[in-house]
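Treat the numbers as computed from the prediction; the structure is a model and nothing was measured.
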Amino acid sequence: MLDAVDAALMRALQGDGRATFQALADGVGLSRTAVRARVRQLVQSGAIRIVGVLHAGVVGMEVLGHVSFRVSGPVGPLLEALVEREAVTFAAQSAGRFPAVAQVRVADDGALTKELTDLRSLPGVEGAEVFRANAVFKDAHSSVRELRDIELDALDWRLVRQLLKDGRASYADLARQVGLSQAAARSRVVRLLNSGVVHVTALVEPSAVGANEQLGFGLRCRGDAEALGSALANMPRVSFMASGFGRYDIIGTLTAPDRCQLVEALESVRSAPGVGYVETWDHLSVRKERRGGERPVEWFPG
């Protein structure tokens, strides 16, 4: 059973998966040794995975679209087809006005248009409506930090591959894996982190924190959508938040241990200043959920 200290450590590691044990200890008021043991237990129990998350822009997936499907007949064949599509990073059967929803990540608006054309031809699809994200404020499965202009060589990509597997790998281990000195490995990793190419974070297993309920929502706002999206992203229970244009001004996802807390979180969203119309859809069955910059190991150069 996770206690308040474990929860605090998970939040800290989500913000910086390579934070030192001393920094983590200072944040929760325990000894370095105690914190090291707790983090090890969280990882070994499967409650968290500490990994590098690649910026979606690095792999040509900077444009995000949320697609709501109108479907005739069973939804299963459509979901099976969505799971197989490379551009689809999230797919779920949903309850509400649309029986299926998906997120796609592509290189540009031209690629988004082409992907939508293909999606409309999938089994049972009678229509599809899209929200095109302009700014992503929170995403548990992709880095939302600014991506600076940076050129990557083969050694950088080798380090990226290692960080994607083990975000807390020591500089000594990283140096040994890629054939660099420890100082050189540290310098390159810091550069990769500071440029936004990769962000090391703790991916939390939902069942470990009781996040058993998931609800998607879209809203229209009064005034500045980006300011509102940024504010809503800081609310408890919000796991995804983006502003943009199309069917909604803002879309988001709420996660909670039970229906009661899910309703409370939704009420907090509805009562936020600037929120107008709100539409919701229940994620009955999530069939695909992939990190935004995730790619097979074979994809990376070097």
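- Annotation: side chain of L262 is not in contact with side chain of T255 (no heavy-atom distance under 4.5 Å).
- Of all the heavy atoms in L30 and A25, the pair that sits closest is O-CB, 3.2 Å.
- Put simply, V43 and V200 are part of the same group of oily side chains (I, L, V, M, F, W, Y) that touch within less than 4.5 Å, one to the next.
- Remark: the backbone N or O of V238 is paired with a side-chain donor or acceptor of K138 at under 3.5 angstrom.
- Counting only heavy atoms from C-beta outward, the side chains of V197 and L54 approach each other to under 4.5 Å.
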Go through L9 and R38 one step at a time and tell me if the side-chain contact (heavy atoms from CB on, under 4.5 Å) criterion holds.
-> CA-CA 9 Å; L9 287 172; R38 281 180 177 256; 3.8 Å; yes

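- Looking only at distances, no side-chain donor or acceptor of R188 sits under 3.5 Å from a matching main-chain atom of L155.
- In this structure, M241 CE and I250 CD1 are separated by 6.5 Å, a value rounded to the nearest 0.5 Å.
- Checked by atom type, the side-chain pair Q177/D173 shows no donor-acceptor distance below 3.5 Å.
- No side-chain donor-acceptor contact under 3.5 Å links T113 to the backbone of T117.
- Using a 4.0 Å cut-off between a side-chain N of Lys or Arg and a carboxylate O of Asp or Glu, D282 and R259 qualify as a salt bridge.
- Here Y248 and W281 bring their ring centres to under 6.0 angstrom of each other.
- No side-chain donor from either of S121 and D118 sits under 3.5 Å from a side-chain acceptor of the other.
- Of the inter-residue distances, the one linking E84 atom CD with E80 atom CD reads 8.5 Å to the nearest 0.5 angstrom.
- Pairing each heavy atom of V275 with each of V269, the nearest pair is CG2-O, 3.3 Å.
- Side-chain contact between T280 and R270 is present, with heavy atoms from C-beta onward closer than 4.5 Å.
- Using a 4.0 Å cut-off between charged side-chain N and carboxylate O, D139 and R105 make a salt bridge.
- Remark: R18 qualifies as a cation-pi partner of Y171 under the 6.0 Å distance and 45° angle criteria applied to the six-membered ring.
- Within the 3.5 Å criterion, the main-chain N or O of E226 finds no donor-acceptor partner in the side chain of S230.
- Cluster annotation: V125 is not connected to F98 through the hydrophobic network of ILVMFWY side chains, with a link wherever side-chain heavy atoms come within less than 4.5 Å.
- For R168 (side chain) and A19 (main-chain N/O), a donor-acceptor pair under 3.5 Å exists by modelled atom type.
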Audit row: D16, T201, side-chain contact (heavy atoms from CB on, under 4.5 Å) steps and yes/no | CA-CA 6 Å; D16 180 6; T201 186; over 6 Å; no

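- Here L284 contributes atom CG and R287 contributes atom CZ; the two are 12.5 Å apart, rounded to the nearest 0.5 Å.
- Nearest heavy-atom pair, A184 versus L180, reported as atom, atom and distance to 0.1 Å: CB-CB, 4.2 Å.
- For the atom pair CD1 of I48 and CG of D6, the computed distance is 9.0 Å after rounding to the nearest 0.5 Å.
- Judged by distance alone, with hydrogens and angles left aside, the side-chain atoms of S187 form no donor-acceptor pair with the main-chain N or O of A183 at under 3.5 Å.
- Looking only at side-chain heavy atoms (C-beta outward), L228 and D249 stay at 4.5 Å or farther from each other.
- Annotation for V63 and A107: closest pair CG2-O, 3.7 Å, computed over non-hydrogen atoms.
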Any chance you could lay out the side-chain contact (heavy atoms from CB on, under 4.5 Å) test for V104 and L64, step after step, and finish with the verdict?
-> CA-CA 6 Å; V104 298; L64 183 148; over 6 Å; no

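- In terms of heavy atoms, A242 sits closest to F131 at O-CZ, 3.8 Å.
- Under 4.0 Å is where a charged nitrogen must lie from a carboxylate oxygen, and between E264 and R237 no such pair does.
- Between F90 and V286, the closest side-chain pair of non-hydrogen atoms falls below 4.5 Å.
- By the rule that hydrophobic residues join a cluster once side-chain heavy atoms approach within less than 4.5 Å of another member, L215 and V75 end up as members of separate clusters.
- Between L82 atom CG and L119 atom CG the span is 6.5 Å, to the nearest 0.5 Å.
- Counting heavy atoms from C-beta on, the side chains of V53 and V198 never come closer than 4.5 Å.
- Judged by distance alone, with hydrogens and angles left aside, the side-chain atoms of K288 form no donor-acceptor pair with the main-chain N or O of A91 at under 3.5 Å.
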Worked verdict on Q162 versus D166 for side-chain hydrogen bond (donor to acceptor under 3.5 Å, both in side chains) = CA-CA 6 Å; Q162 296 302 318; D166 180 4; over 6 Å; no

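- By the 4.5 Å heavy-atom criterion applied to side chains, E279 and F217 are not counted as neighbours.
- Minimum interatomic distance between L79 and A100 (heavy atoms only, all atoms of both residues): CD2-CB, 4.5 Å.
- Salt bridge R70/E129: present, at least one basic N to carboxylate O contact under 4.0 Å.
- Using a 4.5 Å heavy-atom threshold, the side chains of S243 and F137 count as touching.
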Would K165 and V51 satisfy side-chain contact (heavy atoms from CB on, under 4.5 Å), going step by step from the backbone distance to the final call?
-> CA-CA 6 Å; K165 291 188 290 185; V51 297; over 6 Å; no

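- Taking a 6.0 Å sphere around CZ of R186, one finds it holds 12 or fewer heavy atoms contributed by other residues, nucleotides or ligands.
- Summarising the geometry, atom CD1 belonging to I251 is positioned 4.5 Å from atom CZ belonging to F240; distances are rounded to the nearest 0.5 Å.
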